[in-house]
**Student:** 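Have a look at this one before I ask anything.
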Number of protein chains: 2
Amino acid sequence: MSSPKRTTVYDVAREAGVAASTVSRAFSNPRRVNATTRRHVLAVAERLGYHPSPLATALQSGRTATLAMLVPDIANPHFFGTIRGAERRATAADITFILGFTEESADTERDQIERLARSVDGFVLASSRMPDSTTADLAREHNLVLVNREVDGLPSVVVDNASGSAQIVDHLASLGHRSLVYLSGPHQSWLAGERWRALSAGAGRRGMGATRLGPFPPQVAGGGAAADAALVSGATAVVAHNDLLAIGILRRLAERGVQVPEQISVVGYDDIFGADFCVPALTTLAGPQEEAGRSAVEILLTTGSARADPESPRRVVLPSHLVIRDSTGPAPDPGR
Amino acid sequence: MSSPKRTTVYDVAREAGVAASTVSRAFSNPRRVNATTRRHVLAVAERLGYHPSPLATALQSGRTATLAMLVPDIANPHFFGTIRGAERRATAADITFILGFTEESADTERDQIERLARSVDGFVLASSRMPDSTTADLAREHNLVLVNREVDGLPSVVVDNASGSAQIVDHLASLGHRSLVYLSGPHQSWLAGERWRALSAGAGRRGMGATRLGPFPPQVAGGGAAADAALVSGATAVVAHNDLLAIGILRRLAERGVQVPEQISVVGYDDIFGADFCVPALTTLAGPQEEAGRSAVEILLTTGSARADPESPRRVVLPSHLVIRDSTGPAPDPGR
DNA sequence: CAACATTTGGCAATCGCTTGCCATGTTTCG
DNA sequence: CGAAACATGGCAAGCGATTGCCAAATGTTG
């Protein structure tokens, strides 16, 4: 609180018998100063308890050594892994990690970016809700990396939806299901589109029917309506937009006395916390979330510093795998 | 990324025909400038797309308009609410919100504080793992507010453990249990101490026996050992350090074919995501987590600006309430 | 209408560090 | 051995605001 007097470069410089610029360089540009001098300066700094002021540094150099991650909602455990991966990578690189929530709103997201723009070197946007055009515009002004979202020309990290969804389809097909119903997430959700596309393509390939219902709010609370919609559609297998929704569906089906998986199979996406202990345990597509967060920050790090060729925005696709639990089973006998 | 040239106070000043200082005041000290002038300046600023540089502002003024929250681990859903409450309050006050994880380590926590010190106006420490003395030392240098932790003389927000634990004891007593076992969390955990203290005091008051076992890692994975320990102790009712542990216990008991609540009752703390859909649904002590985060930031906000009398550090105690679900039931007949 | 109080606005120093440019001291090499 | 090439360190000008202090303008009062 009370600042008797912060130690500055000048204090260290005086004490070490060198110029302030040398002290500065000892910290930020080691190769510009003699190794011995540097060691001495650092020692003096240590003794004086000196730490460069990140503010002053940022003001002058333009590098803030800070990055912000924007997430639609923390209440969705799906984001844990990604957040943690990003935070770890950032901290490891001595980068300060700002976290913001966008409340599932594109406007809030945009505002946050605007607000933080001057304080950070870049943004990690998880499951961004902004339309492509807005995102592309912002990318002209700011350093963006997308997670689970793709926009032409922008760096991104996504979990492989195509192959993942194909795994789901194959799993259901192998159990004898002749069709599936996708209970969709919000329609601004890029993921919802991707998943549906991949699911229906996969279904086509296996000669299965595929229907899309929704959109439903991608939360446990959305499960009620989703389950009922699935029921009237006569589906034998439903694929929920995410595990939150799937868990809500499971709950609603239990309430209505519908047996899972005997009467209907349920699949989710994300393998969130709880997917293994809900009842029945949920079959779901898992992806390396933490890795996704890590990668995104990685990209930001290299983009910013190495000023990588702007012609090749990075694009990382992470593998996904189906975790088979108890919510999927053989298709009910159509004869009955 | 390319910065053609940021607009500065000077640009606005020139364009508005006033001095830079006036522009600055128009933004940060409205009462020092004529209302009409101010409106004009703001209009020009708007037109030029000017936003004060937070860095420059912070450097000069010493106020960073930023705060950091440190949390042991994001993987524990218990922290969601608190994080979200804090973030919301901060964003509402136009304060940038930094989130850091301490990996359950006191050293990491301390390092993070040191690292961020110059960049923030204050810290919210959730379930801090640092010993009292360290915390008190740090508080001399930094603005700290504790959540679910108390240290003499420091501002804090806690969920009422005493009354909450009493509620648990009474609930169990009313079900005929003659004793309870507390499956403890880490012993650096202040909460673990508090809870045990409150539980054994409450048990004493009701003429019940109380035993403490552990410590166990406060995670689902810790449940295996905890459950087994509870079993050999012959307990009819166990109170787990938190819901994560309780869920792990439930799972282990199920594996071993022990009926809950027929043979043993299980209670948790926090009412986390998943506590309502695990099997059986968990009886647990719920608290207003989001409110806790909000309050903590609130305190930070007033402490910082109003320079409240340092003699009365704020202390907020939030009410808790027991959510009774299916994991608790009548004590098994001792005759059998 | 002069004298005094009160607002407002402007000047310039300052926050703590970075960095371009220049002046040394050292090496290297023909 | 002298010139060219490097390697280091220092000077000083910013980065973009804030703010103490002072002057000008405006309002009040006797």
Side-chain angles (χ1 to χ4, degrees), chain A residues 2-42 44-45 48-66 94 96 117-121 305, chain B residues 2-42 44-45 48-66 94 96 117-121 305:
Chain A
S2 55
S3 51
K5 206 62 191 168
R6 296 224 160 284
T7 48
T8 74
V9 260
Y10 296 104
D11 300 324
V12 179
R14 191 176 337 106
E15 189 72 14
V18 300
S21 51
T22 303
V23 176
S24 169
R25 290 197 184 98
F27 278 91
S28 52
N29 197 354
R31 37 203 296 95
R32 270 294 270 117
V33 53
N34 182 290
T36 318
T37 313
R38 170 148 196 268
R39 220 170 306 126
H40 176 222
V41 170
L42 259 33
V44 172
L48 264 46
Y50 165 79
H51 293 284
S53 151
L55 274 59
T57 303
L59 178 57
Q60 164 61 26
S61 71
R63 295 173 256 104
T64 60
T66 300
D94 248 299
T96 298
R118 316 272 307 244
S119 318
V120 306
D121 292 338
S305 63
Chain B
S2 55
S3 49
K5 205 61 190 168
R6 295 225 161 281
T7 48
T8 75
V9 260
Y10 297 103
D11 300 324
V12 179
R14 189 176 336 104
E15 190 72 14
V18 299
S21 50
T22 302
V23 176
S24 169
R25 290 197 185 98
F27 277 92
S28 52
N29 198 352
R31 35 200 300 92
R32 276 288 276 117
V33 53
N34 182 290
T36 317
T37 313
R38 171 149 194 266
R39 221 168 307 126
H40 176 223
V41 169
L42 260 32
V44 173
L48 265 46
Y50 166 79
H51 293 283
S53 152
L55 274 59
T57 302
L59 178 57
Q60 164 62 24
S61 71
R63 294 173 256 104
T64 59
T66 300
D94 248 299
T96 298
R118 316 273 309 243
S119 318
V120 306
D121 292 338
S305 64

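Here is the naming used below: chain letters follow the sequence lines, and residue numbers restart at 1 for every chain.
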**Student:** Phosphate oxygens OP1/OP2 of dG10(C): is one of them under 4.0 Å from a side-chain N or O of Thr22(B)?
**Tutor:** yes

**Student:** Under a 3.5 Å distance rule, please check whether Ser24(B) uses its side chain to pair with a backbone N or O of Ala20(B) as donor and acceptor.
**Tutor:**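 Not at all, since once roles are kept as given, no pair shorter than 3.5 Å links the two residues.
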
**Student:** For Leu55(A) and dG16(D), what is the distance between atoms CG and C1' respectively, to the nearest whole Å?
**Tutor:** 12 Å

**Student:** Compare side-chain N and O positions of Thr37(A) against OP1 and OP2 of dG9(D) and report whether any pair is under 4.0 Å apart.
**Tutor:** yes

**Student:** Between Val44(A) and His40(A), is any pair of side-chain heavy atoms under 4.5 Å apart?
**Tutor:** yes

**Student:** Measure CG/Asn34(B) against P/dT7(C) and give the value in whole Å, please.
**Tutor:** 12 Å

**Student:** Does dT18(D) have its OP1 or OP2 closer than 4.0 Å to a side-chain nitrogen or oxygen of Ser61(B)?
**Tutor:**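 So the side chain of Ser61(B) is outside the cut-off, no N or O lying under 4.0 Å from OP1 or OP2 of dT18(D).
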
**Student:** With rounding to the nearest 0.5 angstrom, report the CG to CZ distance, Asn29(A) to Arg31(A).
**Tutor:** 7.5 Å

**Student:** How far does CZ of Arg38(A) sit from OG1 of Thr22(A), to the nearest 0.5 angstrom?
**Tutor:** 12.5 Å

**Student:** Over the length of the helix from dC1(C)-dG30(D) to dG30(C)-dC1(D), how much do the five-pair end axes diverge, rounded to 10 degrees?
**Tutor:** 30°

**Student:** Strictly below 4.0 Å: does Ser24(A) bring a side-chain N or O up to OP1 or OP2 of dC17(C)?
**Tutor:**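 False: Ser24(A) side-chain N/O out of range (4.0 Å or more) of dC17(C) OP1/OP2.
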
**Student:** Write down the atom of Arg32(A), the atom of Arg25(A), and the distance for their closest heavy-atom approach.
**Tutor:**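 Closest heavy-atom pair between Arg32(A) and Arg25(A): CB-CD, 3.7 Å.
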
**Student:** Just checking Arg63(A): base, sugar-phosphate only, or nothing, at a heavy-atom cut-off of under 4.0 Å?
**Tutor:**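 Here Arg63(A) touches the backbone only, sparing every base.
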
**Student:** Quick one: side chain to side chain contact (heavy atoms under 4.5 Å, CB included) partners of Thr8(B), sequence neighbours excluded?
**Tutor:**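 In terms of side chain to side chain contact (heavy atoms under 4.5 Å, CB included), with neighbours along the sequence ignored, Thr8(B) is linked to Tyr10(B), Asp11(B).
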
**Student:** Over all heavy atoms of both residues, which pair between Val12(B) and Val41(B) is shortest? Give the atoms and the distance, please.
**Tutor:** CG1-O, 4.1 Å

**Student:** Where do N or O atoms of nucleotides 11-13 of chain D meet protein N or O atoms at under 3.5 Å, pair by pair?
**Tutor:**
{"unit_1": "dC11(D)", "atom_1": "N4", "unit_2": "Ser21(A)", "atom_2": "OG", "d": "3.2"}

**Student:** Would you name the heavy atoms of Gly49(B) and Thr7(B) that are closest together and state the gap between them?
**Tutor:** O-OG1, 3.7 Å

**Student:** Quick check on DNA chain C: between Ala56(B) and Val18(B), whose nearest nucleotide comes earlier from the 5' end?
**Tutor:**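 Upstream on the strand: Val18(B).
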
**Student:** How close or far is atom C1' of dG20(D) from atom CG of Asn29(B), stated in whole angstroms?
**Tutor:** 13 Å

**Student:** Can you name the one residue among Thr66(A), Thr64(A), Thr96(A) that meets side-chain contact (heavy atoms from CB on, under 4.5 Å) with Asp121(A)?
**Tutor:**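 Of Thr66(A), Thr64(A), Thr96(A), side-chain contact (heavy atoms from CB on, under 4.5 Å) with Asp121(A) is met by Thr64(A) alone.
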
**Student:** Taking atom C1' of dA7(D) as reference, at what distance in whole Å does atom CZ of Arg31(A) sit?
**Tutor:** 12 Å

**Student:** Is the phosphate of dG20(C), meaning OP1 or OP2, less than 4.0 Å from a side-chain N or O of Arg32(A)?
**Tutor:** no

